[in-house]
Amino acid sequence: MAAAVSAAVSLPSTKFTSVQSKTSILSPERINFNKVPLYYNRNVTKVGPIRAQVTTEAPAKAEKISKKQEEGVIVNKYRPKEPYVGRCLLNTKITGDDAPGETWHMVFSTEGEVPYREGQSIGIIPDGIDKNGKPHKLRLYSIASSALGDFGDSKTVSLCVKRLIYTNDQGETVKGVCSNFLCDLKPGTEVKITGPVGKEMLMPKDPNATIIMLGTGTGIAPFRSFLWKMFFEKHDDYKFNGLGWLFLGVPTSSSLLYKEEFEKMKEKFPENFRLDFAVSREQNNAKGEKMYIQTRMAEYAEELWELLKKDNTYVYMCGLKGMEKGIDEIMLSLAARDGIDWLDYKKQLKRAEQWNVEVY
């Protein structure tokens with residue numbers, strides 16, 4: 001029986017009303033040529049043509065054993081034509097009033113019917129129809145809660161969603177259909193859910209692994225799910241004893257998501273959790289350059305490269321696509337110094353499931 005741990009869905013430390021939701025977390029083809037013996041009858045003067053026997057039956061392939069927590073993972077239980085209908089239980093803004101854009105944390109009921117794992121995603125079908133009179137298509141969102149959910153009963157799923165509003169070339173204000181639908185949800189409202197989907201971002205099996213998490217903005221979602229399992233929950237079959245290292249990049253301090261939760265983890269598990277923020281509009285490095293996530297990582301370049309040479313280090317990246325290029329720039333020279341081609345080495349890491357990317 002697993003022990004119970006209490007945690008809170010936290011809001012940033014900014015000048016707006018703090019709302020907390022108390023949660024209790026429970027444990028929850030190869031060809032073979034065979035030689036044919038040739039027999040001669042001395043009374044026979046002609047010998048017919050000899051043919052080799054060819055078998056094209058391929059030997060059974062050894063099943064690949066994944067390093068990730070793939071066993072029992074379910075995908076696409078619910079599809080767009082027959083989605084699961086849940087309800088919104090909680091929807092609260094988690095960015096400050098002066099942040100460049102709103103981000104909301106929301107919790108939906110699933111009654112245990114959408115069995116997901118940390119690192120998976122779900123689809124949301126917003127209400128209404130498009131300009132052609134057809135139902136809106138689904139949008140995928142990374143899940144922001146552990147498999148137990150924020151309430152610890154495996155009956156909910158949480159998302160972290162930024163409201164999309166922008167001005168197009170014609171000067172018109174455009175609102176993202178699904179993000180605005182979600183951010184405007186009121187508790188009790190029905191929500192059409194598909195999935196779960198994805199295996200790329202599943203956690204490693206090894207409880208002693210080093211897990212480096214690189215997220216920008218709402219790309220924090222899968223890492224919140226990881227970290228809750230690693231540090232806020234007690235499981236009979238999993239106890240994290242490795243190192244979790246989170247790099248989170250945002251534009252302003254009022255955009256830091258789940259800051260209090262992560263700081264609490266760092267306080268309780270200082271030997272197992274490292275936390276680094278990169279706030280691009282407020283911080284600079286020693287050269288005076290803006291502090292993006294790759295800029296912050298560059299401060300630990302040597303240490304990160306040494307970790308990446310180990311076979312129990314796993315890198316997970318979620319968020320803006322541009323950050324991977326920045327990380328490549330950091331590692332190219334370090335790898336070259338050791339006589340290693342970084343881009344080739346990164347391919348090896350991908351094949352070994354140690355380099356996992358979900359960017360947009």
Quiz item: Does the gap between the ring centers of Phe247 and Trp245 come in under 6.0 Å?
Solution: yes
Quiz item: Ignoring hydrogens and geometry, is there a side-chain-to-backbone donor-acceptor pair from Arg87 to Gly188 under 3.5 Å?
Solution: yes
Quiz prompt | Main-chain N/O of Ala144 paired to Ser158 side chain as donor or acceptor, under 3.5 Å | solution = no
Practice problem: Might you point out which heavy atoms bring Cys160 and Ala221 nearest each other, and give the distance in Å? | Solution: CB-CB, 4.3 Å
Exercise. Check step by step if side-chain hydrogen bond (donor to acceptor under 3.5 Å, both in side chains) holds for Thr95 and Glu102.
Key: CA-CA 6 Å; Thr95 46; Glu102 299 177 4; over 6 Å; no
Quiz item: Counting heavy atoms not belonging to Lys175, are there more than 12 under 6.0 Å from its NZ?
Solution: no
Quiz item: Are side-chain heavy atoms of Lys137 and Ile125 found at a separation under 4.5 Å?
Solution: no
Quiz prompt | Over 12 non-hydrogen atoms of neighbours within 6.0 angstrom of NZ in Lys67 | solution = yes
Practice problem: Count the heavy atoms of every other residue, nucleotide or ligand shown that sit under 6.0 Å from CG of Asp169, and state whether that count exceeds 12. | Solution: no
Quiz prompt | Heavy-atom side-chain proximity of Met213 to Leu246 below 4.5 angstrom | solution = yes
Quiz item: Is it true that Lys266 and Asp276 have a side-chain N and a carboxylate O under 4.0 angstrom from each other?
Solution: no
Practice problem: Could you tell me which residues satisfy side-chain contact (heavy atoms from CB on, under 4.5 Å) with Cys183, sequence neighbours excluded, listed by chain and number? | Solution: Trp104, Val161, Arg163
Practice problem: Mind telling me whether Tyr316 and Tyr314 have parallel, tilted or perpendicular rings, with 30° and 60° as the class edges? | Solution: parallel
Quiz item: Closest heavy-atom contact between Leu185 and Cys88?
Solution: CB-SG, 4.2 Å
Quiz item: Checking Asn272 side chain against Gly242 main chain: does a donor-acceptor pair fall under 3.5 Å?
Solution: yes
Quiz prompt | For Asp338, side-chain contact (heavy atoms from CB on, under 4.5 Å) partners two or more places apart | solution = Trp305, Lys309, Ile340
Practice problem: Show your working on side-chain hydrogen bond (donor to acceptor under 3.5 Å, both in side chains) between Glu233 and Ser146 and close with a plain yes or no. | Solution: CA-CA 9 Å; Glu233 301 171 359; Ser146 73; 2.4 Å; yes
Quiz item: Does Glu299 have any side-chain hydrogen bond (donor to acceptor under 3.5 Å, both in side chains) partners at least two apart in sequence or in another chain, and if so, which?
Solution: Arg296
Self-check item: Polar side-chain atom of Gln354 near backbone of Thr313 as donor-acceptor pair, under 3.5 Å
Solution: yes
Quiz item: Parallel under 30°, tilted from 30 to 60°, perpendicular over 60°: which one fits the rings of Phe231 and Phe240?
Solution: perpendicular
Quiz item: Would Phe181 and His136 count as a close aromatic pair, with their ring centres under 6.0 Å?
Solution: no
Quiz item: Looking only at heavy atoms, which two atoms of Thr216 and Tyr360 are closest? And how far apart?
Solution: O-OH, 4.0 Å
Quiz prompt | Chi angles and distances behind the side-chain hydrogen bond (donor to acceptor under 3.5 Å, both in side chains) call for Ser145, Tyr116 | solution = CA-CA 10 Å; Ser145 52; Tyr116 62 89; 2.9 Å; yes
Quiz item: Do Lys259 and Leu248 touch side chain to side chain, with heavy atoms closer than 4.5 Å?
Solution: no
Quiz prompt | Passing option when Tyr78 is tested against Ile193, Val114, Ile122 for side-chain contact (heavy atoms from CB on, under 4.5 Å) | solution = Val114
Quiz prompt | Candidate pair Glu329 and Trp342, rule side-chain hydrogen bond (donor to acceptor under 3.5 Å, both in side chains), full reasoning | solution = CA-CA 9 Å; Glu329 291 172 355; Trp342 165 248; over 6 Å; no
Quiz prompt | Smallest separation among heavy atoms of Leu227 and Phe262, with atom names | solution = CD1-CE2, 3.6 Å
Quiz item: So which heavy atom on Arg139 is nearest to which on Pro126, and how close?
Solution: NH1-CG, 4.3 Å
